[in-house]
Every structure is written in structure tokens, then in C-alpha cells.
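Here the structure is a predicted model, which is why all the values come from computation and not from measurement. Proteins come first, then strands; the chains are lettered A, B, ... in the order of their sequence lines, and each starts at number 1.
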There are 2 protein chains.
Amino acid sequence: MPKQTFFNLPEEKKQTLIEAAKKEFSRVSLYKASISNIIKTSGIPRGSFYQYFDNKEDVFFFLLNEHAKERQKKFLFLLKETDGDIFETVTILYKSMLKKSQNQENRDFFRNAFLNMNYKIENIYTKELDKSHINKQFKKISHLINTSKLNINNDNELFHAIKIIMAVTFHNLVQSYAKEIAYDDAVEYFTLEMNLLKKGLYKHDDL
Amino acid sequence: MPKQTFFNLPEEKKQTLIEAAKKEFSRVSLYKASISNIIKTSGIPRGSFYQYFDNKEDVFFFLLNEHAKERQKKFLFLLKETDGDIFETVTILYKSMLKKSQNQENRDFFRNAFLNMNYKIENIYTKELDKSHINKQFKKISHLINTSKLNINNDNELFHAIKIIMAVTFHNLVQSYAKEIAYDDAVEYFTLEMNLLKKGLYKHDDL
DNA sequence: TATTATAAATGACACAGTGTCACAAGTCAA
DNA sequence: TTGACTTGTGACACTGTGTCATTTATAATA
């Protein structure tokens with residue numbers, strides 16, 4: 001978190017700093033972003049920067065958190081709005097996020113935020129399912145899959161089903177590393193989620 | 001990719017370098033890892049390092065790719081082994097990944113690899129669903145959700161259902177940023193996947 | 001208003017790490 | 001043995017970080 005001194009700053013100076021930081025994080029990933037650039041474009045002395053923030057992560061996650069807070073508020077609002085329809089809520093949020101990125105700077109900012117490690121690693125683990133590699137690799141996998149048990153009508157659905165399964169698997173893996181979850185618990189959660197995927201989240205008379 | 005000179009190296013020297021790199025990337029994330037440390041522990045001169053690799057990312061992704069290749073091979077093998085049962089395949093893989101991390105260095109390596117940006121960002125967007133915050137926030141959300149349409153038996157299942165939906169949403173978001181997918185396409189894919197989630201991936205007479 | 005205490009601003013500096021380059025050392029074919 | 005090519009090496013210039021002693025501003029108090 002930024003220090004109190006930052007929040008005490010006159011609005012204008014605060015805004016200048018935020019703008020400069022946004023610009024830098026839109027230019028490159030957190031990884032490559034430099035404080036030197038931020039203070040150069042904002043014209044704020046080095047020492048002052050450290051009066052306000054611990055380091056560049058501090059600024060970055062401050063900016064990101066602002067977005068997250070907004071989103072969270074919207075999430076709760078939409079849940080009420082849609083009578084608790086989580087699928088509709090998530091869909092609206094997803095679209096609004098995509099819309100927001102029609103603005104180039106927003107787009108670059110989120111892109112850099114998401115892509116860093118995230119994309120690179122995920123890509124290595126799932127690149128076989130990547131649309132742009134749809135070629136032999138996906139076919140290699142999809143031909144091996146026994147679809148007789150699956151509630152799937154065509155190759156396209158199969159493709160997305162695999163994407164879902166991989167996404168949930170990956171997500172569980174990350175969580176287990178992140179939170180030092182015990183092996184047995186991790187397996188239990190994972191199994192439960194796979195079963196939910198199998199049976200579906202909607203009651204069948206509602207489809 | 002490492003340069004040819006690296007692959008030409010005598011096995012022993014190559015191994016020394018790999019070990020030193022693994023050690024460094026297990027100690028800290030890619031972000032904080034330093035080439036200086038790698039060359040210090042491996043006793044290889046700075047200039048030589050740059051004869052073999054472009055930079056630290058080059059070493060890191062080389063190591064990570066080795067794991068990914070292995071996993072990919074196992075994936076295909078297991079698909080055959082289980083008569084194309086993707087759920088069983090993924091479950092076995094997931095467990096083997098967890099098992100592998102019982103070794104401390106592996107654990108630290110993957111942990112650092114996964115957690116960097118990935119966890120931090122994902123955590124911001126999903127922290128309301130985080131077990132450790134299961135408190136008011138999750139309750140706030142889950143009480144808002146209309147479960148009458150959902151094929152869900154208790155709060156625990158609801159929790160995991162939400163986790164799944166968020167994971168798939170997040171995954172789509174990342175992909176859309178990563179691959180510059182057109183808005184309409186992104187929405188189409190997303191909708192398809194949400195529908196798959198609703199109806200379930202298994203035929204119902206098979207449950 | 002003068003005095004003093006407290007908070008904020010500033011930029012020079014020490015330090016750590018990166019990537020390059022000129023030169024040294026090896027290898028190997030003719 | 002020579003020459004052509006490949007690989008090894010570490011000093012060096014450069015970029016960026018975080019700190020700290022000092023200056024400046026602010027505000028409370030006598």
C-alpha cells in the first residue's frame with residue numbers, strides 16, 4: 001500500500017503521479033517497468049517517490065486494486081440486478097472488461113498485467129490447446145479422447161471442453177502452490193470440481 | 001532458446017549450469033533471480049553465460065519447457081492408457097504434479113514459477129472466493145446467488161462452482177488479451193463455455 | 001510574532017546487476 | 001605450423017535501485 005504521505009498529496013500532484021505510472025505500466029510489464037521512467041515523466045524527485053511508495057510493485061498493485069475494487073462493486077451490484085444469476089453476472093462483467101479495453105491505454109495496461117508470467121507459463125502448459133496451434137497437436141489429443149461418455153456434439157465443443165478442464169486444473173494447481181494446501185485436501189477439492197464439471201452446474205429441467 | 005554453444009558443452013558443465021539455475025529459480029522468482037548468482041554458484045564466467053543464453057528468461061523457460069515436455073508426453077500416454085478418459089488423465093496428472101512437489105526444490109521452483117504475477121493478480125480478482133477470506137465476503141456473494149436454478153447441493157459445492165466459473169472467466173480474459181481475439185469471437189467462445197458449464201460435460205445416463 | 005517540533009521534499013551517492021566487447025585461448029583442417 | 005574459426009573471459013560502461021543527510025515547509029504553542 002502507498003504510504004499516508006501519498007494520500008495527503010494535493011489532488012493534482014497525485015494525479016500526475018498516477019498518470020505517469022499508468023503510462024509506464026502500459027508501456028511495459030511490471031517486470032520491465034522502471035521507477036526512473038515514472039519519476040522522469042512525472043517530474044517528481046526520486047526521494048519523493050520513495051516517500052510515497054515502497055517500490056514499483058507498490059504503485060502497480062495500487063493501480064490494479066483500484067480496478068479490482070470497482071469490479072467487485074459491480075459484481076455485487078449485478079448479482080442483485082440479475083436476481084442472483086451468476087452466469088449472467090459473469091457474462092456482463094466479462095463483456096464490460098472487454099469493452100473497457102477498447103481504450104488503448106487500458107488495453108495495454110491489462111495486457112501487460114495479465115501476460116507477464118501468467119500467459120507465458122500457462123501457454124507452455126496449454127499451448128497444445130491454443131487456437132493458433134490448432135493443427136496436429138490438438139488433433140493428436142482430441143483423437144485420443146473417448147467422446148462416447150461426453151455430452152459433446154462436435155469438435156468445436158470438444159475443444160472448449162478441454163480448455164475448461166485445463167483451466168480448472170491449472171487454477172487448482174496454482175492455488176495449491178499459493179496456499180500450501182495439504183495433498184489430500186487438494187485432491188478432494190479437485191475431485192469435487194471435476195465432478196461438478198461432469199454433471200453440470202444447471203438443473204437439467206432448466207435447460 | 002539456449003544457443004547451440006550451450007548444447008555443445010560437455011555434459012558435466014551443462015549440468016552444473018542447470019543445477020545453479022534451478023537453485024536460483026527455486027530461491028526466488030524469475031523476477032528477482034539474478035544471473036550474477038547463477039554464475040557465482042556455477043563458477044562460470046559472465047561472458048560465457050552470455051555465450052550460452054540470451055538472458056535469464058532464456059534459462060528459465062528452458063528449464064520450464066523441459067518439465068512441460070515431460071508432462072505433455074505423459075498426457076498423451078495417459079490418454080491412451082485410460083482409453084481416452086480425459087477426466088481420469090487430468091486427475092492422474094494433477095496428482096503426479098502434486099507428488100512431484102513433495103521434493104522441496106521442485107516445490108519451490110514451481111511455486112516461484114506459478115506465483116509471481118499469476119497468483120498476485122488472480123488473487124486480487126478472486127480473493128473474495130479465497131478460502132482464507134471465506135468470511136463475510138464469500139457469504140455476501142453466495143447469499144446473493146439464486147441457487148434455485150443450480151444443480152448444487154450445499155454451500156461447499158456452491159463455493160467450488162463459483163471457483164470454476166471464475167477460473168474459466170479469468171482464463172478467457174487472459175486468452176483474449178494474449179491473442180488479440182476480436183470482441184465478437186471472444187464473447188462467442190465465452191458463451192459456448194458457459195453453456196458447457198451449465199449443461200455439464202458428461203452424458204447424464206453415465207453418471 | 002517568534003520558537004520549536006514534526007512532516008515532507010530533495011538529489012547525491014553507494015551499491016547491485018546487466019550486457020558488451022576486445023582480447024586470449026582453444027580446436028581443427030590443410 | 002599456419003591460419004580460420006569457435007569459444008572463453010573479465011573489465012567496463014551503463015542503467016536502475018533504495019538510502020540518507022540535509023533542506024524546506026507546515027503547524028502548533030508560547
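Rounded to an integer number of Å, the gap from CZ of Phe7(A) to P of dA8(C) is 13 Å. At whole-Å resolution of the value, OH in Tyr31(B) and P in dG16(D) are 14 Å apart. When the C1' atom of dG10(D) is taken as reference, atom CD1 of Ile44(B) falls 14 Å away, rounded to whole Å. Leu30(A) places its CG atom 15 Å from the P atom of dG16(D), with the value rounded to the nearest Å. Nucleotide dA8(C) holds its P atom 13 Å from the NZ atom of Lys14(A), rounded to whole Å. Taking atom CG of residue Asn8(A) and atom C1' of nucleotide dT6(C), one finds them 13 Å apart after rounding to whole Å.
Residues forming a side chain to side chain contact (heavy atoms under 4.5 Å, CB included) with Leu63(B) (at least two apart in sequence, or on another chain): Ile18(B), Ala21(B), Lys22(B), Phe25(B), Phe109(B).
The residue Ile39(A) sits apart from the nucleic acid: no heavy atom pair falls under 4.0 Å. At a threshold of 4.0 angstrom between heavy atoms, the contacts of Thr5(A) are confined to the sugar-phosphate backbone, with no base atom among them. As judged by a 4.0 angstrom heavy-atom cut-off over every strand, Lys13(A) is placed among residues touching the sugar-phosphate backbone only. Heavy atoms of Ile38(B) sit nowhere under 4.0 angstrom from any nucleic acid atom.
Salt bridge annotation for Glu105(B)-Arg27(B): absent, with no cationic side-chain nitrogen under 4.0 angstrom from a carboxylate oxygen. Between Lys199(B) and Glu157(A) there is a salt bridge, since at least one side-chain N of the basic residue sits less than 4.0 Å from a carboxylate O of the acidic one.
Taking each heavy atom of Ile152(A) and Leu196(B) in turn, the nearest pair found is CD1-CD2, 4.1 Å. Leu201(A) and Ala161(B) make their closest contact through CD2-CB, 4.0 Å (heavy atoms, listed as atom of the first residue, atom of the second, distance).
Checked by distance alone, Gln51(A) brings a side-chain donor or acceptor within 3.5 Å of a matching partner on the base of dA9(C).
Nearest nucleotide to the side chain of Tyr52(A), out of dA9(C), dT9(D), dT10(C): dA9(C).
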Please tabulate, one pair per line, each protein N/O and nucleotide N/O from nucleotides 18-20 of chain C that are separated by under 3.5 Å, including the distance.
residue : atom : partner  : partner atom : Å
dT18(C) : OP1  : Ile35(B) : N            : 2.9
dT18(C) : OP2  : Ile35(B) : N            : 3.4
dT18(C) : OP2  : Ser36(B) : N            : 3.1
dT18(C) : OP2  : Ser36(B) : OG           : 3.0
dT18(C) : OP2  : Arg46(B) : NH2          : 3.3
dG19(C) : OP2  : Tyr50(B) : OH           : 2.6
dG19(C) : N7   : Arg46(B) : NE           : 3.0
dG19(C) : O6   : Arg46(B) : NE           : 3.2

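In this model, a donor atom of one side chain and an acceptor atom of the other lie less than 3.5 Å apart for Thr89(B) and Thr82(B). Tyr31(B) and Glu57(A) form a side-chain donor-acceptor contact under 3.5 Å, judged by distance and modelled atom types alone.
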